[in-house]
Amino acid sequence: MKIRRHDKIRELISRYDIETQEELAERLNMEGFNVTQATVSRDIRELKLTKVPNGKGRQCYTLMKKEEDEMKEKYIRIFRDGYISMDMAQNLLVIKTVSGLAMAVAAALDGLHFPQVVGCIAGDDTIMCAVRSVEDTVVLMREIQKLISSSL
């Protein structure tokens, strides 16, 4: 139910200029979702909605996700530009980079928030990633390989 409600909220704020939690709750109720203002408040927080000017002198809800997506794309570009290879040793992942780019690639890796990564240490052309487990290292390597081979 929560997932459907969140989808409906995304749809509503993209279609209408919604200024208040009460207005959003009212529209959700009209769409068949029985919600209170407290529920809507929690949903707004979980969806990371923010208010922005709509050009008509009003502040309306919108998704902040766009900025996060742009940052993710930048991190992916940085990672791809600097990445050369990777290898594992138990729960350590060693990533080779173009000379001088290890710190940038490590920062990009941190910015991508892979749940398997505990932390990274970068030199000039090598990154050591501490990973939660051997199994997570294999999963992380697969995820990185997908990241490298997919297109933006």
Side-chain angles (χ1 to χ4, degrees), residues 1-84 86 88 91-93 95 97-98 101-122 127-152:
M1 184 65 154
K2 182 177 176 178
I3 293 170
R4 285 185 36 236
R5 189 175 65 244
H6 282 189
D7 287 343
K8 183 54 75 174
I9 289 171
R10 287 184 195 97
E11 177 189 325
L12 289 171
I13 65 171
S14 70
R15 287 183 26 205
Y16 303 105
D17 288 340
I18 298 176
E19 291 184 82
T20 65
Q21 292 179 9
E22 293 79 12
E23 185 180 349
L24 183 54
E26 194 175 300
R27 288 200 182 268
L28 283 168
N29 283 313
M30 289 186 327
E31 294 283 339
F33 293 89
N34 188 17
V35 297
T36 63
Q37 187 271 330
T39 301
V40 170
S41 178
R42 210 172 17 259
D43 288 341
I44 287 170
R45 201 170 37 258
E46 289 173 5
L47 289 168
K48 294 185 171 109
L49 299 184
T50 188
K51 286 189 173 182
V52 294
N54 70 350
K56 302 173 191 167
R58 297 171 63 194
Q59 296 275 322
C60 299
Y61 284 110
T62 189
L63 288 169
M64 278 182 46
K65 195 170 174 143
K66 197 169 208 139
E67 185 177 313
E68 291 173 15
D69 287 344
E70 289 172 12
M71 286 306 296
K72 184 176 180 180
E73 288 176 15
K74 287 179 185 179
Y75 290 140
I76 292 170
R77 267 196 308 276
I78 290 167
F79 194 91
R80 285 181 179 159
D81 288 348
Y83 173 87
I84 293 177
M86 65 182 156
M88 69 180 275
N91 68 318
L92 293 177
L93 180 62
I95 300 173
T97 70
V98 172
L101 290 184
M103 286 185 157
V105 173
L109 190 62
D110 286 340
L112 290 168
H113 304 293
F114 287 104
Q116 301 88 355
V117 176
V118 177
C120 297
I121 299 173
I127 303 166
M128 291 278 271
C129 286
V131 184
R132 298 194 186 284
S133 69
V134 174
E135 295 81 19
D136 280 344
T137 307
V138 173
V139 169
L140 179 61
M141 288 178 76
R142 248 187 262 125
E143 291 297 315
I144 288 173
Q145 200 55 52
K146 279 195 270 184
L147 184 83
I148 297 298
S149 59
S150 68
S151 60
L152 284 177

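Rounding to the nearest 0.5 angstrom, the gap separating the CE atom in Met1 from the CZ atom in Phe33 is 5.5 Å. One finds the OG1 atom of Thr97 at 9.5 Å from the CZ atom of Phe79 (value rounded to the nearest 0.5 Å). Once rounded to the nearest 0.5 Å, the distance linking CE of Met141 with NZ of Lys146 reads 14.0 Å. Taken from CG in Leu28 to CG in Asn34, the straight-line distance is 10.5 Å, to the nearest 0.5 Å. Once rounded to the nearest 0.5 Å, the distance linking CG of Leu12 with CD of Glu31 reads 5.5 Å. Summarising the geometry, atom CG belonging to Leu49 is positioned 7.5 Å from atom OH belonging to Tyr61; distances are rounded to the nearest 0.5 Å.
Looking at heavy atoms from C-beta onward, Tyr75 lies out of side-chain contact with Asp110 at the 4.5 angstrom threshold. Taking the side chain as every heavy atom from C-beta outward, Ile148 and Arg80 approach each other to under 4.5 Å. Residues Arg5 and Lys8 fail the side-chain proximity criterion, which asks for heavy atoms closer than 4.5 Å. Side chains of Lys2 and Glu46 form a contact here, defined as non-hydrogen atoms less than 4.5 Å apart. Side-chain contact check for Val134 versus Met88: some heavy-atom pair is nearer than 4.5 Å. The side-chain heavy atoms of Val98 and Asp81, taken from C-beta on, include no pair separated by under 4.5 Å. When side chains are defined from C-beta on, Phe114 does not count as touching Val131, because their heavy atoms never get closer than 4.5 Å. Looking at Ile127 and Ile121, their side chains never come closer than 4.5 Å, going by heavy atoms from C-beta outward.
Using a distance-only test at 3.5 Å, with no hydrogens or angles considered, no donor-acceptor pair links the side chain of His6 to the main chain of Arg4. Not a single donor-acceptor pair under 3.5 Å links the side chain of Asp136 to the backbone N or O of Val117. With hydrogens and angles ignored, the 3.5 Å screen pairs a side-chain donor or acceptor of Arg132 with a backbone N or O of Pro115.
In summary, Asp7 and Arg10 engage in a salt bridge, as defined by a charged side-chain N under 4.0 Å from a carboxylate O.
The side-chain hydrogen bond (donor to acceptor under 3.5 Å, both in side chains) check on Thr39 picks up Thr36, with sequence neighbours excluded.
Cys129 pairs in a side-chain contact (heavy atoms from CB on, under 4.5 Å) with only one of the listed residues (Leu92, Val118, Leu109), which is Leu109.
Residue pairs meeting the salt bridge (charged side-chain N to carboxylate O under 4.0 Å, His left out) criterion with at least one partner in residues 19-30, sequence neighbours excluded, are Glu19-Arg58.
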Run the side chain to side chain contact (heavy atoms under 4.5 Å, CB included) check on Leu47 and Ile13 step by step: do they pass? CA-CA 12 Å; Leu47 289 168; Ile13 65 171; over 6 Å; no

Evaluate side chain to side chain contact (heavy atoms under 4.5 Å, CB included) for Leu112 paired with Lys72, printing each intermediate quantity in order. CA-CA 6 Å; Leu112 290 168; Lys72 184 176 180 180; 3.7 Å; yes

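The shortest non-hydrogen separation linking Val105 to Tyr83 is CG2-N, 4.3 Å.
Counted within 6.0 Å of CE on Met103, heavy atoms from surrounding residues, nucleotides or ligands total 12 or fewer; the atom is thus considered open.
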